[in-house]
Amino acid sequence: MATTANLSSIIRYYAEKQNSGFIDLREFCGYIKKYAEHHVEEQGELVKYLGDPTSTVVAELQGLSEKKLAAIISNNNKKTIVSITYFASKFTNQYQQMLKNESVLFPIISDLPKQFPTSFLERKIANQYFQSLIKKEPSKSPLLYIIEFTRDISPLVLPACIPLKALIDISQQKVRKILKKEEFHDYFLKKLRSTNPTKEISIKSFFQHFVDTENYQFADFSDGDDYYIWNQTLYYVRQDFEKIQDRTVEDTNILQACQILEIYSTCLKERFQNEKKRSEALKELENHLARAPYFYSMNQILKFQDQNGRMLYGQYTEDDLKEFLQKMTTEGEANELPPLLIFKVASGTRYYVYKKKVIQVVVRLCNEAHGSIEKELENSWYKTLLDYNRLPEMSNQNEFELCLQELVEKKSPVLFALLNANFMHLLAYEKIDAEFTEGFHLFVNGKLLPYADLLMLKNNKILANAKSRLPFFYTIPILSWLVSLFNGKKKNKTKKTQQKLITAAEIFEQEDDETVSKTKKITKTESLAAAANEITKELIPEGSSLDRELDYLARQWNKMISKEAYRNLTDDVNSLIRDYTRRVVKTLSGASFTKERVENLAKTLVNTPNMKKIKEEKALTEYVILYILRLVSNFQ
């Protein structure tokens, strides 16, 4: 043994030297004193054992006892050290012999010396311990465990350093030895054939490759017919040996081997099922990411559900999700972008979008932003013209482009972030979804289209619409000039008085708000409206609005071609939702009005006969959810 100051190693070395795991404390103290005197120059820590080492050794033995590495027992005022690591090493050698000779029996508690303190050994439940071994690397721990089985089978003494594969290999050899015996071979073969008449070829093949062959090799029965036949064989062997009234040590040995193998097969089955569930959940995650609106934040990804309404996050772990997203966002084909791209909005939220869906997202967001931006510009320009003023963007195309850029950043931050993402310029050189992009080009000569073209807005058209709303005298130059002079002087006089009135009104409003807030109590309708607003914030994507999402979803489920038919169908659906909400809202409260409750209400309404005529059930359900939230949030 190399020179060491570790007391556990010294005890084990002394026990091996004495060929006994029981060491007299007084003799060991004399030995360690001599050992320290001889090796103190090599190991300075051994100085603590010079002189009388008894108190030092006893104190350290208490620590080793807590770690289950050694113990002290007393008998007639004689203290004895029990080297548990010595017995662990001894039983490890016994398991190594089993790999060479299946006749060697599993060690059980009765194989330990009578004076051995079994209470110092940690007890493990077989099922739980073997499951933990599957997930861990082989250990070099010197600990010794007692493995407890079910069905009144004697516990097993097992060193912690024995790997699971070696234990399974030993157990397979023991069961194979039974199956090779003449009195058992044909008996179990006949039993398997009679209960599985359609699997006779598989059973014959199983016996040929595992039982009848002379050259035994470890077999991993993890799937297929062999897995089924192997487990049924174990069941029949265990069933027959459990019927034996006066069991011998060999009978117990076979039952221990069968239970070890059955536990391992169950663990394999659970692992296979969990792996299948995990792969299916990740596949469902891929499908979710490919559905409208095609871009999702991490918070939205964590809330994805499968077809049965169960959360996908939980069917795979956080590490699985990180690994999946890392792979999808970094690994791509040669000289191409990865399949999943990331972009970040001004607020810091990161969104994931499939490369093949980027153009669809841009087109959709541009369509949604078209109406709101056009309306805002028209109203703004109308007020400006009403005051006899003009803006540069009304006639200058460059200024108009800058104005659109600011409005897009304000009204649709997701669209703005996507258009300015680093990968957008690289997409111009990749062929993406040729069917969808036919007739539409997001890039021209490798450059992104200007905002005016993307939003399909023209400043002269918006200006014409704004002018058409002006009073008739604005179109007569001389008359409009005279009115502008008069209005200009009048405005200068009234501006100061208006500012004073506004500031005074604000002060009174603040005082009123303070007094009202002190006395006001939240009513049921207000609590419902507050809950609806919170759910709406959760469901509406960043940068979008409730009206915009309702308009988009209406176009998904309403397939009517004519405007009148489209409007009539939408009005009918909205009427049904309003009537339904009036009935159920009486049974709701702010506390019970949750996202899950709203979803259940929407599904109930969508499943009614009138609603079932609409085929786009998913889009209709989402529309009903948002429309209910809109109605409830407007409660006074």
Side-chain angles (χ1 to χ4, degrees), residues 94-106 126-127 130-131 133-135 137-138 147 149 151 153 156 158 162-244 248 250-276 279:
Q94 186 172 337
Y95 277 93
Q96 290 174 350
Q97 290 175 11
M98 288 186 213
L99 288 169
K100 301 174 183 177
N101 182 8
E102 64 271 14
S103 299
V104 179
L105 302 176
F106 284 123
N127 191 14
F130 295 148
Q131 278 187 349
L133 286 183
I134 291 177
K135 301 174 184 177
E137 294 292 326
I147 307 300
F149 296 106
R151 302 178 184 276
I153 299 175
L156 193 73
L158 181 68
I162 299 297
L164 181 61
K165 186 177 179 180
L167 195 61
I168 300 302
D169 194 353
I170 292 167
S171 301
Q172 277 189 5
Q173 291 187 50
K174 291 181 180 296
V175 173
R176 180 173 176 268
K177 181 182 177 183
I178 291 295
L179 295 175
K180 284 180 72 71
K181 289 185 177 180
E182 292 183 6
E183 64 269 27
F184 289 119
H185 183 280
D186 294 339
Y187 169 72
F188 285 116
L189 182 60
K190 183 179 179 181
K191 208 169 186 179
L192 285 167
R193 283 176 172 173
S194 62
T195 53
N196 300 279
T198 60
K199 297 183 181 290
E200 189 167 345
I201 297 175
S202 299
I203 293 169
K204 185 178 179 181
S205 174
F206 170 80
F207 266 73
Q208 284 178 348
H209 291 94
F210 179 69
V211 180
D212 298 333
T213 181
E214 293 298 327
N215 299 320
Y216 166 77
Q217 288 184 346
F218 175 78
D220 188 10
F221 304 112
S222 57
D223 58 2
D225 286 344
D226 283 350
Y227 176 83
Y228 172 78
I229 295 167
W230 173 238
N231 279 278
Q232 199 158 28
T233 303
L234 292 175
Y235 171 75
Y236 288 142
V237 172
R238 175 174 58 78
Q239 192 180 50
D240 277 36
F241 275 81
E242 280 180 343
K243 292 177 182 177
I244 299 174
T248 63
E250 289 77 13
D251 297 335
T252 301
N253 192 54
I254 294 300
L255 287 172
Q256 288 172 334
C258 285
Q259 191 153 139
I260 290 170
L261 293 169
E262 284 182 321
I263 290 171
Y264 179 67
S265 292
T266 303
C267 292
L268 283 181
K269 183 179 179 181
E270 289 178 359
R271 187 173 66 173
F272 173 75
Q273 290 175 342
N274 291 335
E275 185 63 30
K276 184 180 179 182
S279 61

Report the residues that fulfil side-chain hydrogen bond (donor to acceptor under 3.5 Å, both in side chains) with Glu250, sequence neighbours left out, ordered by chain and then residue number.
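If we apply the side-chain hydrogen bond (donor to acceptor under 3.5 Å, both in side chains) test to Glu250, skipping adjacent residues, the hits are Thr248.
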Roughly how far, to the nearest 0.5 Å, is the [atom2] atom of [Y] from the [atom1] atom of [X]?
{"X": "Asp169", "Y": "Arg176", "atom1": "CG", "atom2": "CZ", "result": "10.5 Å"}
{"X": "Leu179", "Y": "Gln172", "atom1": "CG", "atom2": "CD", "result": "11.0 Å"}
{"X": "Leu255", "Y": "Ile260", "atom1": "CG", "atom2": "CD1", "result": "11.0 Å"}
{"X": "Phe149", "Y": "Cys258", "atom1": "CZ", "atom2": "SG", "result": "11.0 Å"}
{"X": "Glu102", "Y": "Asn253", "atom1": "CD", "atom2": "CG", "result": "10.5 Å"}
{"X": "Ile168", "Y": "Leu261", "atom1": "CD1", "atom2": "CG", "result": "5.5 Å"}

Quick check: does any side chain N or O of [X] sit under 3.5 Å from a backbone N or O of [Y], one acting as donor and the other as acceptor?
{"X": "Ser205", "Y": "Ile201", "answer": "no"}
{"X": "Asn101", "Y": "Gln97", "answer": "no"}
{"X": "Asn231", "Y": "Tyr227", "answer": "yes"}
{"X": "Lys174", "Y": "Ile254", "answer": "no"}

For [X] and [Y], work out which heavy atoms get closest and say how close.
{"X": "Val104", "Y": "Gln94", "value": "CG1-CG, 4.0 Å"}
{"X": "Ile263", "Y": "Ala126", "value": "CD1-CB, 3.7 Å"}
{"X": "Ser171", "Y": "Phe106", "value": "OG-CZ, 3.7 Å"}
{"X": "Arg271", "Y": "Ile134", "value": "NH1-CG2, 3.5 Å"}
{"X": "Leu105", "Y": "Met98", "value": "O-CE, 3.1 Å"}
{"X": "Leu192", "Y": "Ile203", "value": "O-CD1, 3.4 Å"}

Side chain to side chain, Phe206 and Asp225, heavy atoms closer than 4.5 Å
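Side chain of Phe206 against side chain of Asp225, heavy atoms only: no contact under 4.5 Å found.
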Over 12 non-hydrogen atoms of neighbours within 6.0 angstrom of NZ in Lys180:
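Count over threshold, so yes.
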Which residues pass the side chain to side chain contact (heavy atoms under 4.5 Å, CB included) test with Thr195, sequence neighbours left out?
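Residues passing side chain to side chain contact (heavy atoms under 4.5 Å, CB included) with Thr195: Gln232, Tyr236.
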Could you go step by step and tell me if Leu167 and Leu158 meet the side chain to side chain contact (heavy atoms under 4.5 Å, CB included) rule?
CA-CA 10 Å; Leu167 195 61; Leu158 181 68; 4.1 Å; yes
Parallel, tilted or perpendicular: which one describes the rings of Phe210 and Trp230, with boundaries at 30° and 60°?
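Correct class here is perpendicular.
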Name each donor-acceptor pair under 3.5 Å that joins a side chain in residues 182-190 to protein atoms two or more places apart or in another chain, with its distance.
{"residue": "His185", "atom": "NE2", "partner": "Asp212", "partner atom": "OD1", "Å": "2.7"}
{"residue": "Tyr187", "atom": "OH", "partner": "Lys191", "partner atom": "NZ", "Å": "3.3"}
{"residue": "Tyr187", "atom": "OH", "partner": "Asp240", "partner atom": "OD2", "Å": "2.6"}

Start with the C-alpha gap between Ile178 and Lys181, add the side-chain angles, then the distance that decides, and say whether side chain to side chain contact (heavy atoms under 4.5 Å, CB included) holds.
CA-CA 5 Å; Ile178 291 295; Lys181 289 185 177 180; 4.3 Å; yes
